[in-house]
Amino acid sequence: MVRTRFAPSPTGYLHIGGVRTALFNWLFAKKHGGQFILRIDDTDAERNVKEALQPILDGFRWLGMTWDEGADVGGPHGPYYQSQRLDRYQAAVKTLLDKGLAYWDYAKPEEVKAEREAAEKAKGSFLYSRKWMAETPAQRAALEAEGRKGVVRLKMPREGTCRFHDHIRGDMVVEWVTEQDHVIQRTDGSCLYNLANVVDDHDMKITHVIRAEEHLSNTARQIFIVDGLGIPRPEYAHLPFVAEPGSKNKLSKRKIAQYLKNPDFKKVYDHGQAIAQKIGLTTSADTFNPVIVDFFREVGYLPDAILNYLVLLGWSLDDKTEEFTREKMIELFSLERVNSAPASFDPKKLFAFQERYMQRLPVEEKTAMALPYLERAKLIASPPSAEAKQTVMEIVRAAGDRIKTAGDVLDYADFFVADDQLAYDEAAFEKRIRKPPEAVGLLRKFAERLSTASAFDAASLEKLLQDFVQAEKIEPPQIIHALRVATTGKAIGFGLYESMALLGKERCVARISLARGKA
RNA sequence: GCCCCCAUCGUCUAGUGGCCUAGGACAUAGCCCUCUCAAGGCUAAGACAGGGGUUCGAGUCCCCUUGGGGGUACCA
């Protein structure tokens, strides 16, 4: 049984790089009919774990990446919170100590630091002198009598090599001398990552450790612990980093200000910000930006589009295939085809996937996604009336591909504002209504025809307008542009006839008259 | 400093010694379509980091350099 895991720390938000790592774990487990475990790395953050964890769990659930065991759902190999597993870690420390593979050390931090700096000055590699190592209870007592506090360190071999196979990097060989006597238990009795990780993975029966490249250098020391504990080694696969837009630096949530200088990143960010503002979301760039999953959820992206983009970040099937449903992803994913070079995150390309997925979504589903945005912007009642739903569906249908994320429906807010509250795009008004000498007159004449029109559907309106154009001996654009600005307030939008049909006769006539008044 | 990993268009990538005058996608530019804006169609521009080898032949194998990243914590 294949078992993989992802172990986020409760930081309050779900990072896109983490999702990519989790996705590969999830995919690998599903592909092999295995299980995916969500463990929580909360060793140092005891406070507000619940609040800081919720957005992460919500994010994964929204993306549809469910876990078989772990936080919230429990399971037979818990607890799944590291903060609740201290006894397990201490037991492992004791085993290592008993086997002589770890030792009590009473050096003060500054004493070790001094040794390290001396080694660096001599341009050599650092190796702790083990000067304050205590091998017997008597030695311990003596050092403690001096007022020293003990930590437990790994007694790493100083000759020979550690060999292991990595599914992505191939065969790895690490000289043991290059490894330090890493601390595994602090003076306060708490344990460190390398130890906790190994213990948890074993207790939770993890078969494949699939994680980011930053852990490649941690692997040898973890293998030392694994072997020392006499437990079986898991398989390893170290994924390349997800890098910043346009660079090879590791993607970080702390550098948003810098990413915003990237035009592609900024475009996606601005698009999301505009929507957030319209629905009254208070946001700050630190917590609401295209590096955080919640951003995409709030702006109305599709989870499938995000997953499809993410699976391609470091993995590919061949030279052509780019689109994968969840089922196909699971079927076709393999570690063998994971790239070894870092991949930089490109929100523009993610957006392109979003567009494609949105285009294929049935109108009913798009409408269902769009309604909450109009409700939150207070443009329609909440819950919406059947009539409002119908109108929104017609707008969504008419808007077609223009609605790229669900929040884009807010571009058509002018259908919901009162006629006398309609805001006009000044530049467009000037260009299409005030400036052309014939515009106002044409609008007046056309409004007259409109008010006597018997049918008000798009096709009839088109006919009506064509007849008008012929009668007046003008070109269609002369009246079309003026009409669009007069009825919607804007120079851009979907088909004019559809717009007018949606507005209905009375509102069209009223808006034209109001516009003439302002001209 | 020391140890380790990585290197194909701006970006994601295909490429596992001859099929590569390097293919696809996003982005970019131009044209077409057109009531605006999208969408769509067509076209263009755009890469093997550099230097040495090995080989009949190298993007593909080896070495060096350069660049990027990670580790070297009583962080994860």
Side-chain angles (χ1 to χ4, degrees), chain A residues 7-9 41 43-44 82 105 107-109 112-113 116-117 119-127 149-153 166 168-169 172-175 177-180 182-188 190-194 196-197 212-221 238 240-241 243 245-250 262-264 267 309 312-323 337 339-353 355 359 399-404 408 411 428 432 462 465 475-481 483-485 488 490-497:
Chain A
S9 27
D41 248 325
T43 41
D44 47 8
Q82 289 197 329
D105 180 64
K108 292 174 181 170
V112 181
K113 199 175 162 214
R116 187 177 289 118
E117 280 166 2
E120 200 165 306
K121 208 168 266 175
K123 296 189 191 235
S125 46
F126 166 65
L127 220 45
K149 295 246 196 283
V151 296
V152 178
R153 284 181 186 276
D166 185 278
I168 292 158
R169 314 278 148 179
M172 302 290 304
V173 181
V174 179
E175 300 284 336
V177 244
T178 63
E179 285 290 328
Q180 303 302 319
H182 299 283
V183 172
I184 51 175
Q185 187 180 94
R186 297 183 180 94
T187 45
D188 68 1
S190 63
C191 292
L192 281 93
Y193 171 76
N194 284 126
N197 204 262
E213 184 190 332
E214 60 189 309
H215 296 287
L216 186 59
S217 312
N218 292 334
T219 308
R221 70 197 65 149
H238 287 92
F241 276 116
S247 113
K248 294 291 178 201
N249 293 348
K250 185 186 166 192
N262 176 309
D264 288 347
K267 221 167 176 171
Y309 170 73
L312 258 12
L313 218 51
W315 175 84
S316 66
L317 178 70
D318 55 29
D319 59 338
K320 298 236 164 23
T321 322
E322 286 230 296
E323 292 182 18
R337 291 201 59 87
N339 217 91
S340 48
S344 66
F345 175 64
D346 179 2
K348 261 317 246 318
K349 184 148 185 172
L350 196 171
F351 193 85
F353 275 99
E355 278 190 74
Q359 281 177 8
D401 297 342
R402 293 169 186 82
I403 296 181
K404 294 160 199 267
D408 285 341
D411 286 346
R432 299 300 189 187
E462 181 167 8
L465 187 128
E475 290 301 313
Q478 288 179 271
I479 179 68
I480 285 178
H481 295 304
L483 263 180
R484 183 194 305 284
V485 175
T488 68
K490 292 186 296 195
I492 58 171
F494 50 76
L496 176 67
Y497 311 120

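What you see is a predicted model; the values in this text were computed from it and never measured. Letters A, B, ... mirror the listed sequences (proteins, then strands); counts begin at 1.
- As a whole-Å value, the separation of A:F241 CZ from B:rA7 P is 15 Å.
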Do A:K349 and A:E322 pass the salt bridge (charged side-chain N to carboxylate O under 4.0 Å, His left out) test, and can you show the C-alpha distance, the side-chain angles, and the key distance before you say yes or no?
CA-CA 12 Å; A:K349 184 148 185 172; A:E322 286 230 296; 3.5 Å; yes
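- Counting any heavy atom pair closer than 4.0 Å across all strands shown, A:P109 reaches a base atom.
- When rounded to the nearest whole Å, the span between CG of A:D264 and C1' of B:rC26 equals 9 Å.
- Not one side-chain nitrogen or oxygen of A:R402 sits closer than 4.0 Å to the OP1 or OP2 atom of B:rU36.
- Taking the side chain of A:I492 as heavy atoms from C-beta on, and the options B:rC12, B:rU36, B:rC6, the nearest nucleotide is B:rU36.
- Within the nucleic acid shown, A:A352 comes within 4.0 Å of sugar-phosphate atoms alone, with no base atom in reach, counting heavy atoms only.
- A:S316 comes within 4.0 angstrom of the backbone, heavy atoms only, and of no base.
- Between A:A343 and A:V183, the residue anchored closer to the 5' end of RNA chain B is A:A343, taking for each the nucleotide with the nearest heavy atom.
- A:S125 comes within 4.0 angstrom of sugar-phosphate atoms only, judged by non-hydrogen atoms across all strands, and of no base.
- Aromatic pair A:Y193/A:H182: ring centres not closer than 6.0 Å.
- Residues A:S340 and A:P240 share a closest heavy-atom pair of O-CB, 3.8 Å.
- Residue-level contact check: A:Q359 touches the backbone only, with heavy atoms under 4.0 Å from sugar-phosphate atoms and none from bases.
- Considering only side-chain N and O atoms, A:T178 lies nowhere under 4.0 angstrom from the phosphate OP1 or OP2 of B:rG71.
- Looking at every heavy atom in both residues, A:I168 comes nearest to A:D166 through N-OD1, 2.8 Å.
- For A:K349, counting side-chain heavy atoms from C-beta on, the closest listed nucleotide (B:rG15, B:rC6, B:rC26) is B:rC26.
- When both pairing distances are held under 3.5 Å, B:rC42 makes a Watson-Crick or G-U pair with B:rG30.
- Among the atoms of the strands shown, base atoms are found under 4.0 Å from some heavy atom of A:G493.
- Taking the P atoms as reference points, B:rA38 lies 13 Å from B:rG30, given to the whole Å.
- Within 4.0 Å of A:Y309, counting heavy atoms only, lies no atom of the nucleic acid at all.
- Taking 4.0 angstrom as the limit, A:R221 places none of its side-chain polar atoms (N or O) nearer than this to OP1 or OP2 of B:rC3.
- Counting to the nearest Å, the C1' atom of B:rC26 and the CG atom of A:N262 are 13 Å from each other.
- Between A:F126 and A:E120, the closest side-chain pair of non-hydrogen atoms is not below 4.5 Å.
- For the residue pair A:R186/A:S190, the side-chain donor-acceptor check at 3.5 Å is satisfied.
- Counting any heavy atom pair closer than 4.0 Å across all strands shown, A:Y193 reaches a base atom.
- Below the 3.5 angstrom threshold, one finds no donor paired with an acceptor across the side chain of A:K320 and the base of B:rA25.
- Among the heavy atoms of the strands lying under 4.0 Å from A:G495 is at least one base atom, whether or not backbone atoms are also near.
- Residue A:L192 is in sugar-phosphate contact alone, with no base atom involved, counting any heavy-atom pair closer than 4.0 Å across all strands shown.
- Within 4.0 Å (heavy atoms only), A:Y497 reaches at least one base atom of the nucleic acid.
- Residue contacts for A:H215: at a heavy-atom cut-off of 4.0 Å it reaches a base atom on one of the strands shown.
- Judged purely by distance below 3.5 Å, without hydrogens or angles, the side chains of A:T219 and A:H238 pair a donor atom with an acceptor atom.
- Taking atom C1' in both B:rA76 and B:rC20, one finds a spacing of 44 Å when rounded to whole Å.
- Using a 4.0 Å heavy-atom distance criterion, A:D319 is classed as a base contact.
- When the side-chain nitrogen and oxygen atoms of A:N339 are compared with OP1 and OP2 of B:rA14, one or more of them lie within a distance under 4.0 Å.
- For A:E355, the side-chain atoms get nearest to B:rA39 when compared with the rest of B:rA39, B:rU36, B:rC12.
- As a whole-Å value, the separation of A:L496 CG from B:rU34 P is 17 Å.
- In this entry the distance linking CG of A:D166 with P of B:rG71 reads 16 Å, nearest Å.
- A:E120 places its CD atom 16 Å from the P atom of B:rG71, with the value rounded to the nearest Å.
- The two atoms that bring A:V174 and A:E179 nearest to each other are CG1-OE2, 4.3 Å, heavy atoms only.
- In this structure, B:rU72 and B:rG1 make a Watson-Crick or G-U wobble pair, each of the two defining distances being under 3.5 angstrom.
- Residue A:N218 is classed as a base contact, given a heavy-atom separation below 4.0 Å to a base.
- Sequence order on RNA chain B of the closest nucleotides to A:S340 and A:D346 puts A:S340 first from the 5' end.
- Between A:N218 and A:H215 there is a side-chain heavy-atom pair separated by less than 4.5 Å.
- Atom CZ of A:R169 and atom P of B:rC4 are 15 Å apart (whole Å).
- With a cut-off of 3.5 Å on both Watson-Crick or G-U wobble distances, the partner of B:rA7 is given as B:rU66.
- For the OP1/OP2 pair of B:rC12 and a distance below 4.0 Å, the side-chain nitrogens and oxygens of A:K348 include no atom meeting the criterion.
- A gap of 29 Å separates the C1' atoms of B:rG51 and B:rA45, to the nearest Å.
- Nucleotides B:rC6 and B:rC48 have their C1' atoms positioned 15 Å apart, rounded to a whole Å.
- Base-pair partner of B:rC48: not found among the strands shown (Watson-Crick or G-U wobble, both distances under 3.5 Å).
- What separates CD of A:E323 from P of B:rC26 is a distance of 10 Å, to the nearest Å.
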